[in-house]
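One structure is given here, and the rest of the page talks about it.
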Amino acid sequence: MRTRARPGRLLLAVGIVLAFVLQLSATAESRAASGEALSVNLASTRGPSTGVGEGFLYGFTQDGSQPADQFIKPLGINAFRGGGWFSGGWIKDNYQYGSATRADLDSIVAQAKRLTQPPYHAQYQVLVSDIYGANGGQPSNTRYPCDNGDCSNWIGFIDSTVGALQASGLSFSYDIWNEPDISVFWTRGVNSAQYFQMWDTAYREIRRIAPGAQIVGPSFAFTPERNPGQWRAWLAHVKAAGTVPDMIANHNEGDVDDPVTVSQSLNSALTAAGIGPLPLSSNEYQPADRQTAGVTAWYLARFAQSGYTNAMRGNWVCCVTPNLTGVLTQSGGTWQPTGNWWALRDYADMTGTLVATSGQVGSTAISASEDPANKRAVAIIGDANGNSGTSTVTFNGLSSVPWLTNAGSVHVTVHRIPDQAPLAAPQTVYDQNLSASGGSITVPLTFQAAHDAFAVYLTPASSGGEGFPAGYHQLVVAQDNLCLDVYGNSSSSGAAIDQWTCNGQSNQQFQFVPASGGYGELRAQNSGQDVAVAGSSTTAGTPDIVQQPPGTAANGLWLPVRQSDGSYAFQNRNSGLCLDVYGGGSNQGQQLDQWQCKNAPGTNQDFFVR
């Protein structure tokens, strides 16, 4: 479901949304009481962590160029749903292939070129009905597919549009009709004879034109829990007609549709229909009135445990504003992350293998993973209704992950993600070493506001340098969310140390190697060399930060200085100056310099450890 601020249609769209939300809403539970005891069992694995929920319905510009990579790459986007939307499509072209339809297709291809090819790997679900023009703002005299039993124009539409997209050479999945159970999108009645004629015709024509492409659907607004009869009728028909899609798609935008229980009901419905398991896609999730960091984290925690293949955030102020469905906001003329973005960002660190957790306690949910390659375990916590007071998370099974400890201890970092817009960075509210000798640790959480989200990071215990975490990490500039980087992935001595879009490559992974007096080397994983000031300079304001062979020369030793927000500044032993993004700029490839230490959070001298 999505609202559209098109001239003359805003009030209608808002009315539709309100009616829909009220129709789906159940009475919300009261705000969660404090004192939930959550748990994680690191000894009990549950399969790969795949980032379900890191997808979006629209939220990109028409040409796909925005939002900038600095907001996309850190999230690991794996699903996107679009269909042009803005032009009026086939209907605007008087039911023939014209300029409006071409504009929609050009937009889809431009977005897919960015999102389905390296460094991205998203599934692009094409909203076929949006290309048709049935986007909620279509005129009252719209001719719908297969009106009066005549599907010839619909076939011509499928041939023209799907054929053009396939000719691009890009990979697409096709979502035949969005929310046919909501009359604003399909006025001819869901599961009517005309609806099934439309569906079957499109399915067979897409199979003919693009036999290798995925077909997804039915993209119902109502889940099997809320309207089981609708789903039984649809499944019975598509099984009998041989038009079962490759992926079952539904929307989780009720108040509150739990991805875990909805996926269970979908699988039960598929089994009862004699179809069997299929991949599941929640191609819209999260209601309009629950767009908070805490609820976003709740959805992500539940999706991680749900069995869905992917999930895409709904877009309630749609469609080509580059706000990533509202997780970015404009501030001072630039796009900035919100608490929702940071919930998605920290969830993206939940890599490796899922582990067992307490799931949902009251309305507070937790999911977690362990990743020996990155030497970390990460948990994400959110509440569906809003929480208050204190909770705890107990991590059990530490003896099963010896790689996560150092000298018998584990380092724990807790990010509080407030529901703020903009939000420069989460607040680090807990950051210390704990003994793992008993095989478990308990970490306190305090909900300072009802819609806080939390991420808990476990890494090997700090081995020096003001509690700086051991192991390799990304160092993310607090000011612009870019990563410390060895330019060009070079292994040569003298290569520049710059900032670049975070991509997880080894030239953006740095390890603090303690020396003496709290100082240590910052060693790049790709080259094994140290971050240093070229020529042992003591001059401020010259872009002269390079890598040099490892050692304890003073120009390559840095003191981590912890800031109040949990970030670190790095003071050079030789010069007494701090590692600095030259000029405070946000341009990629900018070589770093050294400058007088600012000793304040959120600046171009502060780096978050990821």
Quick one: CG on Asn135 to CG on Asp104, what's the gap to the nearest 0.5 Å?
8.5 Å
Short side-chain to backbone donor-acceptor contact, Arg81 and Gly314, under 3.5 Å
no
Listing request: all disulfide (SG to SG under 2.5 Å) pairs with a residue in residues 91-184, at least two apart in sequence or in separate chains.
Cys146-Cys151
Ring centroid separation Phe196 to Trp199 under 6.0 Å
no
Any residue meeting salt bridge (Lys or Arg N to Asp or Glu O under 4.0 Å) with Glu205, in chain and number order, not counting sequence neighbours
Arg208
Before you tell me yes or no, could you show the steps for Gln214 and Gln125 under side chain to side chain contact (heavy atoms under 4.5 Å, CB included), namely the whole-Å CA-CA distance, both residues' side-chain angles and the distance that decides it to 0.1 Å?
CA-CA 9 Å; Gln214 276 195 326; Gln125 291 187 11; over 6 Å; no
Criterion side chain to side chain contact (heavy atoms under 4.5 Å, CB included) on Arg290 and Tyr299, from CA distance to verdict:
CA-CA 11 Å; Arg290 288 179 178 261; Tyr299 271 103; 5.6 Å; no
Is Gln360 reaching over with its side chain to a backbone N or O of Trp298, donor-acceptor style, under 3.5 angstrom?
no
Quick one: sort the Tyr144 and Trp177 rings into parallel, tilted or perpendicular, breaks at 30° and 60°.
tilted
Could I get the full list of ring pair (Phe, Tyr, Trp, His ring centres under 6.0 Å) partners for Tyr347, not counting sequence neighbours?
none
Verify side chain to side chain contact (heavy atoms under 4.5 Å, CB included) between Thr161 and Val126, making sure each step is shown before the conclusion.
CA-CA 11 Å; Thr161 56; Val126 176; over 6 Å; no
Tell me which pairs pass disulfide (SG to SG under 2.5 Å) where either residue lies in residues 202-271, with sequence neighbours left out.
none
Can you name the ring pair (Phe, Tyr, Trp, His ring centres under 6.0 Å) partners of Phe80, sequence neighbours left out?
Phe60, Tyr124
Would you compute the distance between atom OG of Ser306 and atom CG of Asp258 and round it to the nearest 0.5 angstrom?
9.0 Å
What pairs with Arg313 under salt bridge (Lys or Arg N to Asp or Glu O under 4.0 Å), at least two apart in sequence or on another chain?
none
Mind checking what makes side chain to side chain contact (heavy atoms under 4.5 Å, CB included) contact with Thr223, not counting sequence neighbours?
Glu225, Arg226, Asn250, Asn252, Asp257, Val262
Listed once per pair and sorted, the side chain to side chain donor-acceptor pair (under 3.5 Å) pairs that draw on residues 162-171, sequence neighbours left out
Gln166-Tyr174
Arg46: which residues meet the salt bridge (Lys or Arg N to Asp or Glu O under 4.0 Å) condition with it, sequence neighbours left out?
none
Residue list, ring pair (Phe, Tyr, Trp, His ring centres under 6.0 Å) with Phe303, at least two apart or on another chain:
Tyr285, Tyr308
Hey, could you give me each pair passing salt bridge (Lys or Arg N to Asp or Glu O under 4.0 Å) that has a residue in residues 60-72? Not counting sequence neighbours.
Asp69-Arg114
Measuring from atom OG1 of Thr351 to atom CG of Asp371, what distance do you get when rounded to the nearest 0.5 angstrom?
3.5 Å
Which disulfide (SG to SG under 2.5 Å) pairs, counting each pair once, include a residue from residues 174-252, with sequence neighbours left out?
none
Give a yes/no verdict on a cation-pi contact between Arg143 and Tyr95, requiring under 6.0 Å between NZ or CZ and the six-membered ring centre and an angle within 45° of the axis.
yes
Take Thr325 and Phe56 through the test side chain to side chain contact (heavy atoms under 4.5 Å, CB included) and record every step on the way to the result.
CA-CA 7 Å; Thr325 68; Phe56 302 92; 3.5 Å; yes
Where the side chain of Thr292 meets the backbone of His451, is there a donor-acceptor pair that is under 3.5 Å apart?
no
Please confirm whether Phe447 and Phe454 have ring centers closer than 6.0 angstrom.
yes
